[in-house]
Amino acid sequence: MSRPESAWSALRGNPVRFLLSSWPWRSLAYLASSAVVGLTVLMVLLGLLLTGAVTAVLVVGFLLIGAIPLVAVAVLALERRRIRLVQPGVVPLGEPRPPVVGGLRAWVRQRRREPPSGREAGYVVLLVTLLWLVDAVVAFNAVLLTGVLLVSPLLAASGEVVVFAWTPASAGEALPMLLIGAPLAFAVSAYAVTALAAAQAALARLLLEPGEEVLERRIRQLRRSRLDLVDAFETERQRIERHLHDGVQQRLVALGMTLGRAELDVAEGPGLDLVRQAHRETEAALADLREAVRGIHPRVLVDHGIAAAVREVADRMPVPVTVGLDLPRLPAPVEAAAYFVVSEALTNVGRHAGARTVGVSGWVAGDDLVVTVTDDGVGGARIGAGTGLAGLVTRLDALGGTLSVRSPEGGPTEVRMECPCRTETP
């Protein structure tokens with residue numbers, strides 16, 4: 001039988017299995033820690049308030065009072081972890097605040113801009129005013145009652161013990177308390193403690209679960225960070241392209257010209273043969289470099305846009321390609337994504353499709369750019385068969401776009417890209 005996910009589900013299970021499990025002890029630990037945390041936080045908050053009020057005429061007073069939300073945020077983070085004591089199998093509570101790297105000063109600076117929400121503040125108030133006291137009373141009495149009944153024969157032998165108006169005079173008379181009363185007290189205490197812990201954990205989850213607005217903000221931040229990564233990636237690609245085009249490529253061109261002049265000056269013989277071979281190798285290396293530069297980030301895409309860049313790729317295809325792109329200039333990340341989708345699709349057509357004709361179309365529908373690449377090849381293409389299209393799916397997802405492939409066996413094949421024309425702003 002599988003382990004219950006939470007204390008609440010354990011309560012509804014087999015009573016014997018529940019009483020012999022760790023759930024009563026986990027629940028007791030949850031209530032006891034609630035009492036300790038709640039009382040400690042109450043003392044800290046009262047100390048900050050009183051000290052801040054006394055020193056209000058000084059700057060330090062306002063700093064102490066301003067630290068109260070920070071204490072609440074720290075307590076909330078602890079409560080999101082502590083709830084796992086009684087809900088170990090339930091999805092952990094989401095943390096609405098991003099992690100902070102950089103030590104205590106960075107944490108304080110960041111958390112000052114992220115005060116507790118109304119529900120979170122309400123939970124902290126409940127914890128320090130009511131919950132800790134209830135938890136302390138229940139946990140203390142549960143332990144006291146069971147403990148007293150367990151040692152009742154010893155207490156009766158050494159003095160006087162009274163349990164529910166019954167006063168045993170000897171250890172023998174107190175033996176029923178040990179054999180019958182202690183197990184019953186343990187069972188009642190276990191159910192009471194676990195029920196209270198489960199109810200309090202459910203209340204904590206209700207109040208501390210991130211709201212819809214928090215989740216939407218986190219999604220926007222995540223989308224923004226992914227867009228920043230795409231922009232940084234595109235910037236780095238352009239930097240590499242400029243370095244290769246303006247630096248390495250120009251040096252190879254100069255080397256080729258020098259070797260060409262050397263061919264005119266060197267006499268016939270083995271030396272001239274080596275110069276000619278070096279000239280040919282230089283021209284081959286230059287051709288490879290130009291192809292690599294186009295694959296990294298084509299200059300025509302930056303200068304003239306997606307339509308001109310796609311036509312340049314189509315001109316190099318071994319099969320006829322019809323290009324129908326009448327598009328305005330779009331944001332650089334969108335143009336780059338569209339270019340590489342078309343380039344990868346055309347490369348796959350040339351290598352695997354066996355097509356006779358290919359068509360590239362693109363248009364703007366509302367706020368979305370739609371680009372399709374169709375061919376009359378053998379079909380059977382799918383995303384994930386190679387790394388090219390799979391990587392482009394991730395790239396488009398960061399921009400809020402999608403990539404789909406419709407390619408039945410026997411063809412035709414259509415690769416379709418849809419992407420918002422305007423990227424989000426922070």
So, does [X] use its side chain to make a donor-acceptor pair with the main chain of [Y] at under 3.5 Å?
X	Y	result
R406	R416	no
E335	L330	yes
R26	L85	yes
T194	Y191	no
S21	F18	yes
D376	R356	yes
T55	T51	yes
R119	L206	yes
R80	L208	yes
R84	P92	no

Measure the spacing between [atom1] of [X] and [atom2] of [Y] and express it to the nearest 0.5 Å.
X	Y	atom1	atom2	result
E114	L76	CD	CG	12.0 Å
L184	T146	CG	OG1	10.0 Å
D375	S407	CG	OG	7.0 Å
H304	R311	NE2	CZ	12.5 Å
Q110	R105	CD	CZ	15.5 Å
R111	L70	CZ	CG	9.5 Å

A quick test of your reading: do over 12 heavy atoms of other residues, nucleotides or ligands sit less than 6.0 Å from [atom1] of [X]?
X	atom1	value
W363	CH2	yes
M317	CE	yes
R329	CZ	yes
D315	CG	yes
E5	CD	no

Looking at side-chain heavy atoms only, is the closest gap between [X] and [Y] below 4.5 Å?
X	Y	answer
L369	C421	yes
L104	V108	yes
E344	V415	no
V73	P116	yes
L126	L203	yes
V360	L346	yes
V371	V341	no

Contacts of type side chain to side chain donor-acceptor pair (under 3.5 Å), residue Q200, not counting sequence neighbours: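 By the side chain to side chain donor-acceptor pair (under 3.5 Å) rule, Q200 matches S34, D135.
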Taking all non-hydrogen atoms of both residues into account, name the closest pair between [X] and [Y] and its distance.
X	Y	value
L325	S361	CD2-C, 3.6 Å
P88	S6	CD-CA, 4.5 Å
L93	A204	CD1-O, 4.5 Å
L28	V193	N-CG1, 3.5 Å
A338	M417	CA-SD, 3.5 Å
P69	I65	CD-O, 3.9 Å

Please lay out, stage by stage, how V313 and V342 fare under the test side chain to side chain contact (heavy atoms under 4.5 Å, CB included). CA-CA 9 Å; V313 176; V342 174; 5.7 Å; no
Could you give me the CA-CA distance, side-chain angles and deciding distance for V90 and R205, then say whether side chain to side chain contact (heavy atoms under 4.5 Å, CB included) is met? CA-CA 11 Å; V90 183; R205 179 170 289 273; 3.5 Å; yes
Run the side chain to side chain contact (heavy atoms under 4.5 Å, CB included) check on Y123 and V75 step by step: do they pass? CA-CA 10 Å; Y123 177 80; V75 172; 5.8 Å; no
